[in-house]
Amino acid sequence: MASDYFEVAIIGAGPGGITAAHYLQRAGLTNFVILERADDFGGSWRDNFYPGLAVDVPTLFYQFPFARKPDWSRLFPDGPEIQRYNREVAQRLGLYAHFRGGSAVEREVWDEHNQVWVLDIAGQQPVTARFVINAMGGYINPKSSDQIPGTDEFAGTILRPNAWDPEYSCAGKRVALIGTGSSSVQILSAIAGEAQSVDVYQRTPAWILPKPDAEISARVQKVLALPGVVAALNGVVLALMDLPLQLICNVLPKLPRSLLATVLPQYDKIWRSVYRLLLRREVANPVDRAALVPGYGILAKRPILSSTFFPALALPSVSLITDPIERVTTDGMRTTDGVERPYDLIVMATGYELFTDPEAYRTGRIVGASGLDLAEDYRRNGLRSYGGSAHSGFPNRWALVAPQGYVGVAWHTFIDLTARHAVRIISEAARRRATVAQVRPAAFDRWVGRMRRNEKLIRTYTVDCNPGLRTYFVNSQGDAVYYRPQTISGAWWFSRRSPLSDYEFARGGPQSTPAAQDTSDRQEIEARA
């Protein structure tokens with residue numbers, strides 16, 4: 001079957017895809033395609049439009065460094081405003097000309113003979129590309145609702161945060177809200193006042209901290225619009241964050257693990273005492289108050305920001321249910337204590353498969369050199385990466401969201417760093433007229449070893465001090481591979497000045513491929529170099 005050829009294929013049109021495309025354009029590479037399974041840019045902000053959706057990072061930091069926006073309506077804007085921003089940036093950069101919606105990439109296979117990646121697209125002809133930047137986000141797919149028996153029997157409505165029916169009204173409905181993650185917290189706050197009743201099914205209590213939200217006045221917007229102001233604010237915050245990261249990644253890992261395991265729980269005891277004071281002020285019911293205290297450390301799972309959850313929970317129409325769910329029934333839900341409650345709507349806010357989960361990678365989906373399967377490698381050797389993006393044995397391929405990759409104050413900081421690294425290596429390959437760029441195995445192992453040494457404090461805290469916990473930060477293999485144990489300044493330097501000797505650049509393979517016929521991008525990059 002014939003296939004379309006591109007110098008670079010970007011998989012995913014969320015913030016990562018937009019960032020990668022920007023840096024490709026800046027490098028002079030214009031022969032690229034953005035493959036997206038949905039019909040527009042935006043990623044999670046396109047897919048999610050449930051009631052109460054809002055960002056939980058101050059928007060002054062939650063934006064593209066190359067497309068700063070001074071006129072946000074508030075410090076923590078809602079989902080529609082974030083999505084409008086994503087689309088506006090994509091439009092401004094001319095990315096819709098490179099966009100292919102409805103193109104779900106089902107398989108990535110390295111063609112050793114032609115030295116290109118072959119991407120199988122659902123229901124379409126394949127796409128081949130010299131280089132691949134996988135820009136899929138961290139929330140890969142929703143967890144299956146099959147984990148709760150009986151969902152197929154329910155006669156009412158079942159909704160998920162990423163598949164919300166905008167026409168559905170919760171007014172006067174009996175609602176079961178499963179989970180107390182960030183989506184659930186936002187949904188409860190939005191619907192509690194109109195629903196007849198809402199039962200919140202809590203499986204694991206969360207750290208829910210006050211959200212210092214506020215409108216951004218026109219006067220403040222004018223100040224933020226002054227050249228360099230928002231960039232300076234970001235720089236100051238990143239510099240301040242870099243100081244504790246120096247301790248976390250470079251100093252404290254040198255201490256004995258036994259000492260760390262003794263001291264770190266004391267930190268959590270202090271926070272738990274403070275949290276109990278917060279709950280005493282916010283929650284009148286002593287039973288609920290006791291049930292809402294997390295048994296794990298404040299940094300072992302992502303804290304949630306909300307100033308409206310506890311007031312919503314205090315409404316007479318809202319109840320907190322802590323008994324485990326036995327099954328969904330035709331009319332509602334039954335818990336293990338034998339109580340069955342009737343509902344009109346069940347909201348399955350049960351989480352997502354994450355990029356840190358080995359189970360999220362399916363066998364046969366990503367196959368590199370010599371038949372190396374990424375899923376099998378992850379299961380056998382654990383999740384790891386070089387610089388938060390590359391993997392030995394997978395030439396010409398980078399993932400912007402990869403194990404041990406997250407660093408910075410917000411998602412955009414993280415993906416900006418990994419995208420810069422990927423495009424830098426692609427540009428260097430073009431300058432050298434190389435058809436293959438891959439991380440040398442020795443450099444890969446050296447980097448992974450360094451990260452494992454630096455992660456000592458993170459691992460001790462999340463795994464040793466919080467045993468048995470499954471979170472964003474600890475996967476089913478017991479590995480803490482969410483964070484990149486490196487300072488922000490170190491990651492910034494790496495994205496721009498990492499040793500090119502860590503990569504092997506080679507030229508070979510048939511020259512009759514489209515790469516030899518379409519040379520305009522390559523010549524332009526070489527001229528700039």
Side-chain angles (χ1 to χ4, degrees), residues 7-12 16 20 105-120 126-136 140 355-405 418-419 421-426 428-430 432 434-452 475 477 479 481 484 494-495 498-510 513 515:
E7 192 72 5
V8 184
I10 299 171
I11 302 174
V105 178
E106 295 186 323
R107 197 163 185 251
E108 306 170 45
V109 180
W110 174 249
D111 180 343
E112 196 83 50
H113 178 68
N114 292 307
Q115 297 186 333
V116 294
W117 282 93
V118 179
L119 308 178
D120 291 339
V127 166
T128 60
R130 181 71 65 198
F131 302 97
V132 166
I133 298 177
N134 190 312
M136 289 180 61
I140 299 174
F355 71 100
T356 53
D357 296 327
E359 298 81 11
Y361 300 88
R362 311 299 199 250
T363 301
R365 292 287 183 88
I366 304 172
V367 182
S370 303
L372 179 62
D373 190 294
L374 185 64
E376 293 177 358
D377 181 80
Y378 278 168
R379 287 173 177 78
R380 184 170 57 250
N381 300 309
L383 279 70
R384 61 220 193 285
S385 70
Y386 171 85
S389 59
H391 195 293
S392 179
F394 294 84
N396 293 6
R397 184 186 184 276
W398 295 265
L400 300 190
V401 181
Q404 288 194 320
T418 50
H421 173 73
V423 174
R424 176 172 176 254
I425 302 303
I426 292 172
E428 181 64 19
R432 300 187 185 199
T435 55
V436 174
Q438 59 182 327
V439 178
R440 298 179 186 274
F444 181 79
D445 292 341
R446 186 166 57 247
W447 177 271
V448 171
R450 176 187 168 190
M451 293 298 102
R452 285 180 174 166
N475 65 19
Q477 295 175 331
D479 286 336
V481 292
R484 176 172 170 174
F494 180 90
S495 70
S498 61
L500 295 176
S501 57
D502 282 359
Y503 277 85
E504 176 187 357
F505 296 91
R507 185 176 184 180
T513 63

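Keep in mind it's a predicted model, so treat the numbers as computed, not measured. Heavy atoms only: backbone and side chains are in, while hydrogens, waters and symmetry mates are out. Positions are given from 1 along the sequence.
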Next on the checklist: What's the separation between atom CD in E108 and atom CG in D120, rounded to the nearest 0.5 Å?
Outcome noted: 10.0 Å

Checklist entry - Is the shortest heavy-atom distance from the side chain of M136 to the side chain of I11 under 4.5 Å? => result yes

Next on the checklist: Please find the pair of heavy atoms, one from A437 and one from N396, that lie closest to each other, and give the distance.
Outcome noted: N-OD1, 2.7 Å

Checklist entry - What is the ring orientation for Y378 with Y361, classed by angle as parallel under 30°, tilted 30 to 60°, or perpendicular over 60°? => result perpendicular

Item to check | Interatomic spacing from CZ in R362 to CG in L374 - rounded to 0.5 Å | outcome: 13.0 Å

Checklist outcome for this item: One should read off an interatomic distance between N134 CG and L119 CG, to the nearest 0.5 angstrom, of 9.5 Å

Checklist entry - Should Q404 and L383 count as side-chain neighbours, where that means a heavy-atom distance under 4.5 Å? => result no

Checklist entry - Would you say the side chain of W447 lies within less than 4.5 Å of the side chain of V439, judging by non-hydrogen atoms? => result no

Item to check | Parallel, tilted or perpendicular, as decided by the 30° and 60° cut-offs, for the rings of F505 and Y503 | outcome: tilted

Checklist entry - Between L400 and G16, what is the shortest heavy-atom contact and its length? => result CD1-O, 3.3 Å

Checklist entry - Where do R484 and F494 land on the side chain to side chain contact (heavy atoms under 4.5 Å, CB included) test, with the steps shown first? => result CA-CA 12 Å; R484 176 172 170 174; F494 180 90; 3.5 Å; yes

Item to check | Under-4.0 Å salt bridge between E428 and R432 | outcome: yes

Next on the checklist: A side-chain contact here means heavy atoms from C-beta on lying under 4.5 Å apart; do R107 and V367 qualify?
Outcome noted: yes

Checklist entry - Which heavy-atom pair separates Q438 from V436 by the least distance, and what is that distance? => result NE2-CG1, 4.0 Å

Checklist entry - Nearest heavy-atom pair of A375 and T363: which atoms, and what distance? => result CB-N, 3.7 Å

Checklist outcome for this item: Closest non-hydrogen atoms of A20 and V423, given as atom of the first, atom of the second and distance, are O-CG2, 4.1 Å

Next on the checklist: I need the D502 CG to R440 CZ distance, nearest 0.5 Å.
Outcome noted: 8.5 Å

Item to check | Worked check of salt bridge (Lys or Arg N to Asp or Glu O under 4.0 Å) between R452 and D445 | outcome: CA-CA 10 Å; R452 285 180 174 166; D445 292 341; over 6 Å; no

Checklist entry - CD1 of I366 to CZ of R397: how many Å apart, nearest 0.5 Å? => result 4.0 Å

Next on the checklist: I need the H391 NE2 to F444 CZ distance, nearest 0.5 Å.
Outcome noted: 4.0 Å

Checklist entry - Are the side chain of R384 and the backbone N or O of P403 linked by a donor-acceptor pair below 3.5 Å? => result no

Checklist entry - Are S392 and Y386 close enough that some pair of their side-chain heavy atoms sits under 4.5 Å apart? => result no

Item to check | Exercise: do D479 and N475 side chains pair donor with acceptor under 3.5 Å | outcome: no

Item to check | Flag side-chain contact, heavy atom, 4.5 Å: W398 against I426 | outcome: yes

Item to check | Side chain W110, main chain S370, donor-acceptor under 3.5 Å | outcome: no

Item to check | Over all atoms of both residues, closest heavy-atom pair of A402 and A399 | outcome: CB-O, 3.9 Å

